[in-house]
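By convention in this document, chain letters (A, B, ...) are assigned in the order of the sequence lines, proteins followed by strands, and residues within each chain are numbered from 1.
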Amino acid sequence: MIRDAKLVRRAFFNRDPRLVACELLGKVVLRKEGRKMLAGRIVEVEAYLGADDLAAHAAAGHTARNAVIFGPPGHAYVYFIYGVHYCLNISCLPKGDAGCVLIRALEPVSGLREMAEARGFADLDLAAAGNLRKIASGPGKLCAALGITRPRDNGKDMVSPRSDLQVRDDGFCIEQIAVTPRIGITKSADLPLRFVIANSHFVSR
DNA sequence: TTATAGATTGCCT
DNA sequence: GGCAATCTATAAT
């Protein structure tokens, strides 16, 4: 059961975003919706660094919008993109140092019905081949599936037992990681900072 | 004050 | 494959 998975410690996020990104693969993002537990296993992430990384929001310096990634580790940085979608990041490194990991795709684990409905699939056949992939195979999709928004979740501590948005470790071991350039960016586009679980059926694209 | 690009998605041809 | 949707930050009038 997902409720038995242990909360990830803050020290886990108090490290280089590239290392955190790699090790986040296989962990679980948990959303508590009242009595319901919505959860998905992380299968795709991207690391965003500090001032040297022109693709990172942190490169613009400290602003009201990106303040969370300059703050303490283990907190949710949620931003609104293209006037349409939210994206979920988790802050890394100590307070004062910028860095985060973008969660790009989840394998649905718990609360599948609720997540499908949140995505607008009222009667999705959860048993049909390929349908589970529609729920959270992209950064905007997974936020919609878990009900993540900036007003509700930005700055939220994801390693607090009282938080309704957490990162947990259920002991799942991944076999192999694939590394590629990040998706959808134009600056620093060649850096190999995207990490996926090799052969996962639940990644974006 | 106005313009433009952006860590995306889904619908159109 | 093309493109609209439409918020935010930054650059250009």
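Remark: the A:His57 side chain and the B:dA7 base include a donor-acceptor N/O pair separated by less than 3.5 Å.
Secondary structure note: stems in DNA chain B built from 3 or more consecutive Watson-Crick or G-U wobble pairs under 3.5 Å occupy B:1-6 with C:7-12, B:8-12 with C:1-5.
Here A:Arg119 does not reach the OP1 or OP2 of B:dT9: none of its side-chain N or O atoms lies under 4.0 Å away.
Put simply, CZ on A:Arg65 is 8 Å from P on B:dA7, counting in whole angstrom units. In this structure, A:Ile69 atom CD1 and B:dA7 atom C1' are separated by 11 Å, rounded to whole Å. The nearest whole Å value for the distance from the OH atom in A:Tyr82 to the C1' atom in B:dA5 is 8 Å.
The residue A:Phe80 sits close only to the backbone: its heavy atoms come under 4.0 Å of sugar-phosphate atoms, none of a base.
On the P atoms, C:dA4 is 15 Å away from B:dT4, given to the nearest whole Å. Comparing B:dA7 with C:dG1, their C1' atoms are spaced 22 Å from each other, to the whole Å.
Judged purely by distance below 3.5 Å, without hydrogens or angles, the side chains of A:Ser200 and A:Glu107 never pair a donor atom with an acceptor atom.
An aromatic stacking contact between A:Tyr79 and the base of B:dA7 is absent, as defined here by ring centres under 5.5 Å apart and ring planes under 30° from parallel.
Side-chain proximity of A:Ala60 to the nucleotides B:dA7, C:dT10, B:dG10 is greatest for C:dT10. Closest to the A:His85 side chain, of the nucleotides C:dT10, B:dT9, C:dA9, is B:dT9.
The minimum heavy-atom distance linking A:Arg152 with A:Gly147 is given by the pair NH1-O, 3.4 Å.
Scanning residues 135-153 of chain A for heavy-atom distances under 4.0 Å to DNA chain B yields A:Gly138, A:Pro139, A:Gly140, A:Lys141. Residues of residues 177-205 of chain A having a heavy atom closer than 4.0 Å to DNA chain B, listed by number: A:Ile183, A:Gly184, A:Ile185, A:Thr186.
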Between A:Arg133 and A:Glu44, does the salt bridge (charged side-chain N to carboxylate O under 4.0 Å, His left out) criterion hold? Intermediate values first, please.
CA-CA 13 Å; A:Arg133 205 193 90 91; A:Glu44 175 180 353; over 6 Å; no

